[in-house]
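What you see is a predicted model; the values in this text were computed from it and never measured. In this chain, residues are counted from 1 in sequence order.
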Amino acid sequence: METILQRLTDLDEVYDAILVGKDGLIVSGILHSEDEEVVGAMSAAAFGSITSFTEQISNGETSHVVIETKKGTIQMEAAGDLILIVTTTGKGNMGRVRLEMKKACVQLNELVTTGY
């Protein structure tokens, strides 16, 4: 898992990559913050709220969320029972970041289903 997250943070645009359970507990991560537990819990809560919202308005299951800020983006993607959260600088190729996140989620899903 750490290798997959490291490949994401090796991208120039990516600052942090963290993998959390839908309950907010951190599974693995490369995070430049001392408040990892808080970030994990808040990310899972935000993703859960957005998922509830999209289901409530009958728009289907949430797969990828992008939050744009003045400093960059926060992107979240479902990986089975886990959530991959990536923060970016907002500069560079955001499409590449999204593509690499999708690849990472497929690999992470495989790891989880095979029992690591």
Would you compute the distance between atom [atom1] of [X] and atom [atom2] of [Y] and round it to the nearest 0.5 angstrom?
X     : Y     : atom1 : atom2 : answer
Ile4  : Leu19 : CD1   : CG    : 9.0 Å
Glu61 : Thr51 : CD    : OG1   : 7.5 Å
Ile50 : Ile67 : CD1   : CD1   : 5.0 Å

Beyond-backbone contact of [X] with [Y], side-chain heavy atoms, under 4.5 angstrom:
X      : Y      : answer
Ile18  : Ser28  : no
Val97  : Val86  : yes
Glu100 : Lys103 : yes
Met1   : Gln107 : no
Val20  : Leu82  : no
His64  : Met76  : no

Exercise for the section: Evaluate whether atom CG of Asp23 has more than 12 neighbouring non-hydrogen atoms of other residues, nucleotides or ligands under 6.0 angstrom away. Expected result: yes
Exercise for the section: Give a yes or no on whether Glu68 atom CD has more than 12 heavy-atom contacts from other residues, nucleotides or ligands under 6.0 Å away. Expected result: no
Practice task
Identify which one of Thr9, Thr69, Asp16 satisfies the side chain to side chain donor-acceptor pair (under 3.5 Å) criterion when paired with Thr87.
Solution key: Asp16
Problem - Asn93 backbone acceptor or donor facing Glu13 side chain under 3.5 Å - result: yes
Practice task
For the pair Lys22 (side chain) and Gly80 (backbone), establish whether a donor and an acceptor sit closer than 3.5 Å, ignoring hydrogens and angles.
Solution key: yes
Exercise for the section: Kindly work out whether a path of hydrophobic side-chain contacts (I/L/V/M/F/W/Y, heavy atoms less than 4.5 Å apart) joins Phe47 to Leu108. Expected result: no
Problem - ring-ring contact (aromatic ring centres under 6.0 Å, His included) partners for Tyr15, two or more places apart - result: His32
Exercise for the section: For Ile74 and Ile85, work out which heavy atoms get closest and say how close. Expected result: CG2-CG2, 4.1 Å
